[in-house]
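Below is one structure, written out as structure tokens; the observations come after it.
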Amino acid sequence: MTMFGKSSGYEYQCLSQRDSVYSDTPGLFSSHAAFTHSNYDQRGHSFDYVPKVSQNDFTDKSQGLLSWICNLIVTFLIFLVTFITFPISGWFVLKVVPNYERIVVFRLGRIRPPKGPGVVLVLPFIDQWQKVDLRTRAFSVPPCKVTTKDGGLVSVGADIQFRIWNPVMSVVAVQDLNASTRLTAQNAMMQTLSKKTLREIQTERIKLGEHLGMDMNEMTKPWGLEVDRVELILEGVLREPDGGHAGPVIMPPSVPGLEGLTGPIQQLAMHFLSQTAASQSSQDSVSFTDELRSAAAVSVSRVDGLMDAVRSVLSEQLVHQVRACYRFQITTDSGQSNCYYVDLTQGAGACGAGASPREPDVSLCMSEQDLLAMFEGGLQPFVAYSSGRLIVQGDLNTAMKLETLIKLLKTT
């Protein structure tokens, strides 16, 4: 990329979207070559007058001869004025673009090749420009109620990572890229999961996430955007499928690199378990229920153990630093809701299960796993809040003071 606005030579390629094999992983776009017009059709977008924009060719076919001459004269005069007034004009026309950004320029209202990285020239009066960040971004799709193919009702969310691979198309093809991507992700997730059974959603989340990412890339390709990763989050089962009880799902631990085998193995195990359960007596059913309750008791004991660890580090100095009362509304893996509190307003502080002795300053709603991860140092409070895994009711600054308690737990 030269100083005076030549094209950077950064080209874009569209790889094949989907093969017949279901297990293909996303990773649809790459750089350094042009993709053919036969694989992509941008008709109906705001850059129809540049028919080969997807091939990194910004030749304007609709501009008449008179318009082209006028544009050339105006551009020459601006160049001349900029050169005469240099170096004073250099403070206004030279822009430094970092490696992870590009500048999209509209000269006299018409699109130009993206500029950057390095020092680029933006002409005054006739150039309008916009920076585009090429780094990976992430957002969370809030839990949605989805009716499954077999009549069940589940609450499902998702964590999605995406990046911009064509800065020009991301500017000219869509007005609000973030909002459009969120809406597209939510609609695609609901449409995809509504065609699956509850058992498939429970046992094949990794494969469904990859398939959902490929579907989203089909829709966001005209925007110059690629979805890198989709992770489905099953919040809970709100209604069992029609015609029978779904039963608890046994989730074997995933082996790194062999996640694709998890779904079939689980389905085979469920088949034999369902046949065994049908031949068992009612006494066996009672024993199975007791196992679920014992698992819930183990889950509660883990949180109680965390409260004991918090209680051991409470002090008047910590109360003086925080001066707030927190209430935790915790949702377990079985769908139960438990309440805990940490009171750091007076004395040496207090914590425990149930309602707090005074009105809490901040209420925090999160899952049991996220609570344990946050207090063990594996999940930062701000990261949990920004990703939607932590819901804060009250002052956010007061909620972030929990980091003082978390740091204190790490040192013990």
Side-chain angles (χ1 to χ4, degrees), residues 15-30 135-150 152-165 178 180-221 223 225-238 241 246 249-270 333 367 369-370 373 379 383-384 386-389:
L15 303 182
S16 58
Q17 289 297 310
R18 186 180 303 178
D19 295 334
S20 58
V21 181
Y22 180 70
S23 60
D24 283 349
T25 57
L28 311 176
F29 303 104
S30 65
R135 292 176 292 184
T136 299
R137 313 178 196 180
F139 66 89
S140 296
V141 177
C144 306
K145 296 180 181 179
V146 180
T147 302
T148 61
K149 183 180 179 180
D150 53 358
L153 184 64
V154 294
S155 177
V156 184
D159 291 335
I160 297 177
Q161 296 179 359
F162 70 97
R163 64 185 178 90
I164 294 174
W165 61 274
N178 291 329
S180 300
T181 305
R182 288 175 182 271
L183 183 60
T184 300
Q186 183 173 353
N187 292 339
M189 182 184 71
M190 297 185 68
Q191 292 177 5
T192 300
L193 298 183
S194 63
K195 301 176 183 178
K196 304 296 179 181
T197 63
L198 176 60
R199 185 68 63 196
E200 291 174 334
I201 296 176
Q202 290 175 323
T203 60
E204 300 183 359
R205 284 187 297 171
I206 296 178
K207 188 176 293 185
L208 287 176
E210 295 179 357
H211 189 260
L212 179 59
M214 298 176 69
D215 289 341
M216 289 182 58
N217 274 301
E218 291 284 353
M219 293 179 282
T220 59
K221 177 174 63 176
W223 303 344
L225 181 147
E226 176 191 0
V227 176
D228 289 330
R229 177 175 171 269
V230 177
E231 180 180 356
L232 294 177
I233 301 175
L234 181 60
E235 298 289 336
V237 179
L238 305 181
V249 179
I250 300 176
M251 298 296 290
S254 298
V255 179
L258 300 179
E259 292 85 350
L261 299 178
T262 303
I265 291 177
Q266 288 176 344
Q267 290 179 350
L268 184 62
M270 292 303 166
D333 295 336
S367 67
Q369 298 297 332
D370 289 340
L379 178 65
V383 175
S386 60
S387 62
R389 297 160 67 179

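Reckoned from all heavy atoms, side chains included, excluding hydrogens, waters and symmetry mates.
Between Gln161 atom CD and Phe139 atom CZ the span is 10.5 Å, to the nearest 0.5 Å. If you take CG on Leu212 and CD on Gln191, they are separated by 10.0 Å, rounding to the nearest 0.5 Å. If you take CZ on Arg229 and CD on Glu210, they are separated by 11.0 Å, rounding to the nearest 0.5 Å. Taking CE of Met216 as the start and CD of Gln186 as the end, the distance is 11.0 Å to the nearest 0.5 Å. Here the straight-line distance linking atom CZ of Arg199 with atom CG of Asp150 works out to 9.0 Å at 0.5 Å rounding. Considering NZ of Lys196 and NZ of Lys149, their distance stands at 8.0 Å, rounded to 0.5 Å.
Taking all atoms of both residues into account, the shortest heavy-atom contact from Thr184 to Trp223 is OG1-CH2, 3.3 Å. The two residues Val230 and Gly213 have their closest heavy-atom pair at CG2-CA, 3.8 Å. In this structure, Gly209 and Leu232 approach most closely via the heavy-atom pair N-CD1, 4.1 Å. Of all the heavy atoms in Leu234 and Arg205, the pair that sits closest is N-NH1, 3.7 Å. Arg182 and Ser140 get closest at one heavy-atom pair: NH1-O, 3.6 Å. Closest non-hydrogen pair, Leu225 versus Asn217, comes out as O-OD1, 3.9 Å.
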(request) Begin from the C-alpha positions of Val237 and Gln202 and carry the test side chain to side chain contact (heavy atoms under 4.5 Å, CB included) through to its verdict. (result) CA-CA 10 Å; Val237 179; Gln202 290 175 323; 3.6 Å; yes
(request) Give the intermediate values and the outcome of side chain to side chain contact (heavy atoms under 4.5 Å, CB included) for residues Thr148 and Glu200. (result) CA-CA 10 Å; Thr148 61; Glu200 291 174 334; over 6 Å; no
(request) Could you go through the side chain to side chain contact (heavy atoms under 4.5 Å, CB included) check for Arg137 and Asn178 one step at a time? (result) CA-CA 10 Å; Arg137 313 178 196 180; Asn178 291 329; 3.3 Å; yes
(request) Evaluate the criterion side chain to side chain contact (heavy atoms under 4.5 Å, CB included) for residue pair Leu193 and Val154; output intermediate values, then yes/no. (result) CA-CA 10 Å; Leu193 298 183; Val154 294; 5.8 Å; no
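The one candidate from Thr147, Val156, Val146 that meets the side chain to side chain contact (heavy atoms under 4.5 Å, CB included) condition with Met190 is Val146.
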